[in-house]
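Everything below concerns the one structure shown next.
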Amino acid sequence: MNSFTLQYPWYFLIFCILLGVVYAIILYLRDKRFSEQQNWKIWGLGFLRFLAVSSISFLLLGPLLKVNNQQVKDPVVVLMQDNSESLNKEQSILPSLKEKLSNAYQTDAFHFSTTIESELTDTLNGATTNLSSVFSFIDETYANQNLGAVVIETDGIFNEGSNPIYQNIGFTAPVYFIAKGDTTQKKDVKITQVYHNNIAYLGDKFIVNVDVSAYNFSAASTSIVLKKLGPNPKTIDTQKININKKNYFTTVSFEVPADETGVIPYQIQVNSLRDEFSIVNNTRKFYVDILDARQKILILANAPHPDLAAIKKSISTNKNYEVDVAMVSKLEKVISSFDLVIFHNLPSDTYNIDEELNVLKSRNIPQLFIAGSQINTSKFNQLQDVVTISANTDSDNIVQATTVDDFKLWEQSDELKSLVKYFPPLTTKFGKFNAGANSTPLFNQRIGDLDTDYPLWLVYNQSGVKQAVIAGEGLWNWRLFNYLQHKRFDEFDELIGKTVQYITLKEDKRKFKVSASNNLYQSYDRVVFTAELYNDSYEKVNESDVQLTVKNQDGQSYEFTFSKVNDYYEFDAGTFPPGNYTFSGNTSYNGKPLNSSGKFSIQDVKLELSNTTADHNVLRNIVAKMGGDVFYEQDAERLFEKISQTKNLKPIVYNSQKTESALNLKWILFLLVGLLILEWFLRRLMGNY
């Protein structure tokens with residue numbers, strides 16, 4: 001029921017009525033122009049004016065209208081069909097069930113495998129089964145609807161996502177399963193899972209663990225073989241498996257050398273046994289992206305020092321770095337072959353490093369200087385722009401570190417920030433320290449009890465040329481102190497690691513870039529490409545058309561054109577057959593041709609064929625938790641009756657109340673205008689305007 005409420009006391013209505021009465025009396029009873037009119041006409045016009053004025057006064061008080069709404073939501077039955085390849089010989093009963101249910105209920109049908117799609121299907125070719133995503137989808141989609149029942153047709157096998165038995169399910173509607181598939185365990189040997197690195201580094205070794213199961217064999221033996229595929233295939237290792245019971249399980253480990261760069265295909269194969277039900281699940285392929293991405297770092301020292309070992313150990317904790325240590329007097333390696341050179345106490349009075357620095361600067365190779373007591377300050381100031389040391393004597397100084405609050409180049413952990421002020425002192429030159437124009441201090445020097453603005457640890461970046469200076473030696477004490485305090489080296493390693501990472505990070509200045517969302521996909525993944533085009537000011541533009549060419553390993557080409565999205569380009573190329581692919585993007589801007597290329601691989605997935613034995617226990621466990629029942633194909637009619645008798649399948653009436661200003665009601669405006677127009681018309685008819 002709708003009602004008005006006032007924001008003012010009720011007696012304000014009296015004033016509204018009085019205002020209307022007074023207005024009508026003054027306008028009609030005291031106006032001599034209406035003296036010749038009949039009384040009922042005067043009273044009628046006065047009443048109209050009374051209604052209009054009183055109503056307008058009432059509306060000016062801001063009355064609120066409470067509106068009660070009723071919304072009836074019909075019950076919804078959700079049908080979910082397992083579209084996975086393990087059911088490709090099964091006939092679905094959901095189409096006929098949907099036809100029956102649609103006469104009485106809102107029936108929404110979907111099929112699921114890796115993803116969830118609307119409507120039922122008869123293809124049944126999904127590469128994986130993600131049963132947990134079904135319940136998450138229903139939770140999100142039908143959160144505010146009258147969900148009466150859920151019907152899922154599946155064999156209970158899932159090979160993606162979490163275990164639905166332990167999933168936190170939000171909806172309360174009963175779940176009815178139509179159990180499909182054969183639960184009889186056949187005579188079979190299969191690879192159930194392969195665990196491996198997705199990425200490895202050239203020269204490393206990585207471990208591959210293979211889970212092998214065998215059913216209904218006893219006193220049998222076979223072997224498992226790991227092969228590297230590709231242009232130069234070879235067998236890496238073979239191990240024997242002795243099956244000694246009917247339900248057999250083991251994990252076999254292989255150590256694989258990463259001896260070739262690229263996305264390398266491997267194959268695990270268990271040799272088949274006699275009378276085995278299926279040999280499709282005896283073989284599993286997988287891919288590992290082997291990178292030659294290790295950056296080579298040289299620590300070049302004036303003389304032996306404990307700092308050298310501390311820094312090398314710290315940097316080496318990151319597998320992306322390969323560290324060498326050399327004395328400048330015995331340098332035999334080509335310095336330009338390194339991605340970063342750390343100079344310890346160089347340049348010194350004995351060794352000038354002009355030649356080495358000229359090579360590094362010509363190739364834009366970053367440098368890190370550790371400036372301790374052995375450096376020659378005048379030469380040091382000439383060779384770098386990070387910091388200037390004004391030292392009038394050869395004396396040394398003992399300083400501690402204090403943090404610089406406005407340092408923003410990278411994040412520092414709270415543990416590191418709290419530990420810095422307690423680090424032991426470093427030995428540095430006695431003098432004044434001034435940071436360069438493009439330098440950013442991380443730590444300043446604390447001399448005795450005085451916090452100074454002399455920089456101790458700082459980095460430099462000018463037009464992509466990066467350097468860093470640690471203006472003191474004795475870092476080995478910091479690493480040792482870190483361990484004594486916390487039984488770990490994490491904070492010191494973080495400090496060294498992030499400094500090295502910042503100055504070795506190469507900025508990508510290409511004006512045109514094309515990239516795939518990943519470099520390794522499963523066979524059911526969609527491959528999405530993006531492209532970026534920059535003008536001379538390095539602002540993103542997408543004025544030009546960009547063409548994309550994808551080639552498979554046999555040389556077959558696929559041609560596409562990018563779509564323009566905001567200020568970049570994007571294209572969803574869909575799925576590709578398994579194999580290795582290269583791609584290249586081409587465009588022109590300001591008359592200049594531009595291109596960018598890359599590669600990706602598609603991994604063949606046969607998870608559905610690796611396990612074809614239905615698992616109805618999963619369905620029973622979910623029903624025990626959620627409510628509902630498990631039915632079989634021959635129980636289709638009984639399932640329909642069960643759903644029809646479900647108490648939840650009833651319309652629900654939702655009552656809601658909405659409060660809004662009466663001024664928003666259009667009919668009130670039309671009523672007031674109508675009253676005033678009627679009054680004006682009658683006055684005009686009487687000859688009074």
Side-chain angles (χ1 to χ4, degrees), residues 194-210 225-238 253-268 284-300 311-326 332-342 360 363-366 368 493 496-498 500-508 510 513-522 551-553 578-584 596-604:
V194 178
Y195 302 94
H196 61 89
N197 293 24
N198 289 324
I199 296 175
Y201 293 98
L202 184 66
D204 275 354
K205 292 183 179 180
F206 59 93
I207 302 297
V208 176
N209 291 318
V210 185
V225 183
L226 172 61
K227 295 180 180 179
K228 183 171 78 169
L229 306 178
N232 302 306
K234 68 175 183 179
T235 299
I236 296 174
D237 194 8
T238 301
S253 295
F254 295 93
E255 187 177 74
V256 185
D259 53 6
E260 181 182 354
T261 60
V263 180
I264 308 300
Y266 295 89
Q267 177 180 282
I268 293 284
R284 186 77 65 88
K285 290 182 181 179
F286 64 94
Y287 290 74
V288 178
D289 191 5
I290 299 178
L291 306 174
D292 187 13
R294 280 191 171 183
Q295 291 186 304
K296 297 181 179 180
I297 298 175
L298 173 64
I299 303 176
L300 189 61
I311 296 170
K312 180 179 180 179
K313 288 180 180 178
S314 180
I315 297 175
S316 298
T317 58
N318 189 330
K319 289 189 176 181
N320 291 326
Y321 301 123
E322 180 182 324
V323 186
D324 285 335
V325 178
E332 297 177 353
K333 297 189 177 183
V334 179
I335 198 168
S336 60
S337 64
F338 292 91
D339 300 289
L340 168 67
V341 177
I342 301 175
L360 298 179
R363 304 199 178 194
N364 201 19
I365 298 173
L368 168 60
D493 291 347
I496 296 292
K498 289 192 173 182
V500 169
Q501 181 181 5
Y502 175 78
I503 60 176
T504 56
L505 185 64
K506 294 179 174 63
E507 298 182 17
D508 191 349
R510 291 179 297 163
K513 309 169 191 176
V514 177
S515 59
S517 52
N518 284 303
N519 59 359
L520 181 60
Y521 298 88
Q522 307 292 353
K551 289 185 178 181
N552 63 17
Q553 56 201 19
N580 295 323
Y581 293 82
T582 60
F583 64 87
S584 61
S596 177
S597 60
K599 60 183 179 179
F600 65 93
S601 295
I602 306 294
Q603 178 175 342
D604 193 12

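Side-chain atoms are counted along with the backbone in the values below, which use heavy atoms only and exclude waters and symmetry mates.
Rounding to the nearest 0.5 Å gives a distance of 11.5 Å between CG of Asp339 and CD1 of Ile503. The CD1 atom of Ile236 sits 4.5 Å away from the CG atom of Leu226 when rounded to the nearest 0.5 Å. Atom OG of Ser515 and atom CZ of Phe583 lie 6.5 Å apart (nearest 0.5 Å). Atom CD1 of Ile264 sits about 8.5 Å away from atom OG of Ser601, to the nearest 0.5 Å. Atoms CG and OH, from Asn198 and Tyr287 in turn, are 13.5 Å apart once rounded to the nearest 0.5 Å. To the nearest 0.5 Å, atom CD1 of residue Ile268 and atom CG of residue Asp237 are 9.0 Å apart.
Heavy-atom contacts from other residues, nucleotides or ligands closer than 6.0 Å to NZ of Lys513 number more than 12. Under a cut-off of 6.0 angstrom, the local environment of NZ in Lys227 is sparse, with at most 12 non-hydrogen atoms contributed by other residues, nucleotides or ligands. The number of heavy atoms from other shown groups lying within 6.0 Å of NZ (Lys285) does not exceed 12.
By the 4.5 Å heavy-atom criterion applied to side chains, Gln501 and Tyr321 are counted as neighbours. Taking the side chain as every heavy atom from C-beta outward, Val208 and Val288 never approach each other to under 4.5 Å. The side-chain heavy atoms of Glu255 and Ile207, taken from C-beta on, include a pair separated by under 4.5 Å. At a threshold of 4.5 Å between non-hydrogen side-chain atoms, the residues Val256 and His196 do not count as touching. For the pair Tyr201 and Asn320, the minimum side-chain heavy-atom distance is below 4.5 Å. Tyr581 has its side chain within reach of Ile602: a pair of non-hydrogen atoms, C-beta onward, lies under 4.5 Å apart. At least one side-chain heavy atom of Lys333 sits less than 4.5 Å from a side-chain heavy atom of Phe338.
Taking every heavy atom of both residues into account, Tyr266 and Pro257 meet most closely at OH-O, 4.3 Å. Counting all heavy atoms, side chain and backbone alike, Pro265 lies closest to Gly230 at CG-N, 4.1 Å. Between Ala326 and Leu298, the shortest heavy-atom distance links the atoms CB-CD1, 4.0 Å. Looking at every heavy atom in both residues, Ala516 comes nearest to Tyr521 through CB-OH, 3.6 Å. Taking all atoms of both residues into account, the shortest heavy-atom contact from Val225 to Thr235 is CG1-CG2, 3.7 Å. The two residues Lys296 and Ser337 make their nearest non-hydrogen contact at CD-O, 4.0 Å.
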Test log, rule side chain to side chain contact (heavy atoms under 4.5 Å, CB included), inputs Asp259 and Lys228: CA-CA 11 Å; Asp259 53 6; Lys228 183 171 78 169; 3.3 Å; yes

Show, in sequence, the C-alpha distance, side-chain angles and deciding distance for Leu520 and Gln603, and conclude whether the side chain to side chain contact (heavy atoms under 4.5 Å, CB included) test is met. CA-CA 7 Å; Leu520 181 60; Gln603 178 175 342; 4.2 Å; yes

Go through Leu340 and Gln295 one step at a time and tell me if the side chain to side chain contact (heavy atoms under 4.5 Å, CB included) criterion holds. CA-CA 8 Å; Leu340 168 67; Gln295 291 186 304; over 6 Å; no

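Of the candidates Thr504, Ile342, Ile299, Leu368 forms a side-chain contact (heavy atoms from CB on, under 4.5 Å) with just one, namely Ile342. The side-chain contact (heavy atoms from CB on, under 4.5 Å) test with Ile297 singles out one residue from Asp324, Ile311, Val500, and that residue is Val500.
Distance alone, capped at 3.5 Å, places no donor-acceptor pair between the Asp289 side chain and the Ile199 backbone.
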